[in-house]
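Below, chains carry the letters A, B, ... as their sequence lines are ordered, and counting in each starts from 1.
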Amino acid sequence: MSVNVPGFKSSVVFDQIEKALQSETVKKETINKTKGVFELGIKNAEGKEQIWTLDLKKEGTVKTGKAGKADCTIKMDDAVFIEIASGKLNSQKAFMTGKMKITGNIMLSTKLNNVLELAPRSKL
Amino acid sequence: MAFQNIVTGAECSSGANPMTQIMKQFNEDRSLQKDAFIPARDSVGPSTFRTVKQELAGENKFANDFFDQHDHGQIVSVDAPHSLHVVENQRHQLAQPEWVAEFDSALTAAEHAKMEEAFKRMNVGASWRAEFENHSHMPGLQSVAMPPEFEEAFQKHFDWSSQYALKHDKGKSKIVELDNVSWEEQFAAAQREAEDVQAESFEEELSREDHKLFEEVWSNVRESLDDPTDHLSWEKEFSEFNEHESANLGEYVFEPNNPYQMHPDPLKEGIRLVEEGGSLSDAALAFEAAAQKDPTNSEVWTWLGNTQAQNEKEDPAIKALEKAVSIDRHNLNALMNLAVSYTNEGYDYQSYLTLERWMAVKYPEIAARSIPTDVHQNAHSRVTELFLQAARSAPSGHEMDPDVQVGLGVLFYSNTDYDKAVDCFRAALDSRPKDHLLWNRLGATLANSGRSEQAIDAYYKALDLKPTFVRARYNLGVSCINIGCYKEATEHLLGALSMHQTIVDTNGGVNVSRSLRDTLRKTFKMMDREDLANKVDADFDINQFRGEFDF
């Protein structure tokens, strides 16, 4: 099943992360650096919510929907996720300004960047 | 917040308000408390302003103790001022909210409802916003009309003050109503007494409460952050307000040992290299030599900045273009390209301001017409509105200014409005089909919205027009990664890096492109070739990959 969900700009990023994690080297390295399961609830401009689960504890996978127990549950808007993924906004600042809601292991959320940087950005 | 208005509001600063008098007293001696509380206070942050209505059971204890004493008509012991003192401490530590909470806790439900209603009528939220927008450094200086119900509830509640005084000072047999002066005296007396209370047990208690207090406040801060509607917009405005017009990356760093410094006319030579399809790295060296020779020439810096951007070296590009626009504020080309570079590096606010400056130079009548009185209006929507007006102002039958389209494209792009950005870049390409920069911008927008295949087409168009365009090659590499073609990606990235070799330096010089190297290393890892990834270090030779990759 594709992690690409129509109507969500964030889809592109999850898609890229999934591709990158197909490499054993990348998978091992990212799991070592992260060691946690993220459940990301993204709300798009139409107000629809979609959950992606990033397992960077054991499996090294990206899936849509909930998958077992997450160490850290994060909620944010589609556009905010893109801002974080493109390095415009760091997750600590997003949290402090209320753009990002975190439940569970808050410290783990700082490691989200390790995962997001797997998706390279193009430049104008 | 609302309460602060009342306390420090102009109307209440007259002697008629007992609350103000309390504040005066409370502000006198707090050196001890400051010592005890400084760390916690620092961690609390401005968000505490929004915790007013939260439950603060722990904090209420002292207030309740105090009021209990009053309710049961006990003789006020030496403990009373002590409690007061603690209450006061907490007020200092956390500014107004606790005080309000304490105040609330002592109100009956009916009074509370009455006050709530009065508060609503005052529309305090709006006044806070107004104050903020007026750059007020002292929130609460604004006078707020006080509905009579509130005054009534307030006065009623403050009857405890006279009763307290009555019990405390038995020397005075009859106090019907305290005037402000004697109230002040009473309080001063209470405070003096408090200072005699053993400081030790006092401090002990404080440190015990300290941690609990911090935890509660912190959780309240977080809870209040959960309400996105209230403060998100001002948070954003506030962060923009604090930022600067430029990115402040510092001075441009020149390449040492630049052979073009010997050249009689390095500017001309650089332009020749750019126009005849020479290496951008060599052209950059020529422009650097020209800039060193003539550092106040805005055109030279523009050439240098634009070349570095196309050479996938954004940091020196921004430094050079900032220099160009600081010398000549009317340099349209430099302003537009600087805005693009800012956007790439995530300096969105600087990008909006730069586009606004572009607008003021190119379309002064539009920029002048809609100069907002409110500087805190969202910069993105303000500048977008200017560009939309410029787009609409094109006389019918005439082509729209393609630069306006590019500006709009950049604005939509930074707002992740990719579909609109694509439309803008396509429209600009209708007027300027041979602009390699535009093809690359179209490609990057397509790629970031998940259309890698279409992006690759656009990049190839750009590279057909300008084979030395390193950035388009880098982007092509990124899109190849996104569709899983790692070998091709590697070859494009290595090809791009090979163009950074110059006659003086085979390694790209002092202004290296970190993005190219990082992406190359990542790509090798995605290919499960850690052996190759480890070779990509500070001064690696790309020629060692020639056997395996074609570039």
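- Contact count versus chain A (heavy atoms, under 4.5 Å) is highest, among B:Arg471, B:Met527, B:Glu312, B:Arg529, for B:Arg471.
- Side chains of A:Ile82 and B:Tyr418 form a contact here, defined as non-hydrogen atoms less than 4.5 Å apart.
- For the pair A:Pro120/B:Asn482, a side-chain contact is recorded, criterion being any heavy-atom separation below 4.5 Å from C-beta on.
- Of the listed residues (B:Gly477, B:Ala455, B:Ala444), the greatest number of heavy-atom pairs within a distance under 4.5 Å of chain A belongs to B:Ala444.
- Only the side chain of B:Asp348 comes within contact range of chain A, judged by heavy atoms closer than 4.5 Å.
- Heavy-atom pairs under 4.5 Å with chain B were tallied for A:Lys88, A:Lys123, A:Arg121; the largest tally goes to A:Lys123.
- Of all heavy-atom pairs between A:Val12 and B:Ser449, the closest is CG2-C, 3.7 Å.
- With chain A as the partner, the residue from B:Leu476, B:Asn440, B:Leu438, B:Asp417 showing the most heavy-atom pairs under 4.5 Å is B:Asn440.
- Contacts between B:Ser452 and chain A at a heavy-atom distance below 4.5 Å are absent for every atom of the residue.
- The distance from atom CE of B:Met526 to atom NZ of A:Lys19, rounded to the nearest 0.5 Å, is 10.5 Å.
- Contact annotation: the side chain of A:Leu124 approaches that of B:Phe425 to within less than 4.5 Å [non-hydrogen atoms, C-beta and beyond].
- No more than 12 heavy atoms of other residues, nucleotides or ligands sit less than 6.0 Å from atom NZ of B:Lys420.
- A donor-acceptor pair is defined here as one N or O able to donate and one able to accept, closer than 3.5 Å; such a pair exists between the side chain of B:Lys522 and the backbone of A:Glu117.
- In this structure, OG1 on B:Thr416 lies 3.0 Å from NZ on A:Lys9, to the nearest 0.5 angstrom.
- Between the OG atom in A:Ser122 and the CZ atom in B:Arg441 there is a gap of 14.0 Å [rounded to 0.5 Å].
- Using a 4.5 Å cut-off between heavy atoms, A:Gln16 touches chain B through its side chain atoms alone.
- Distance check: B:Tyr413 OH to A:Ser86 OG gives 7.5 Å after rounding to the nearest 0.5 Å.
- Counting non-hydrogen atoms of other residues, nucleotides and ligands closer than 6.0 Å to NZ of A:Lys28 gives a total of 12 or fewer.
- With a threshold of 4.5 angstrom between heavy atoms, A:Leu118 approaches chain B through N, CA, C or O but not through any side-chain atom.
- Within the model, atoms OG1 of A:Thr25 and CD of B:Glu530 stand 5.0 Å from one another, a figure rounded to the nearest 0.5 Å.
- In terms of non-hydrogen atom pairs under 4.5 Å with chain A, the most contact-rich of B:Gly409, B:Gly450, B:Ala472 is B:Gly450.
- Only the side chain of B:Asn344 comes within less than 4.5 Å of a heavy atom of chain A; its backbone N, CA, C and O stay farther away.
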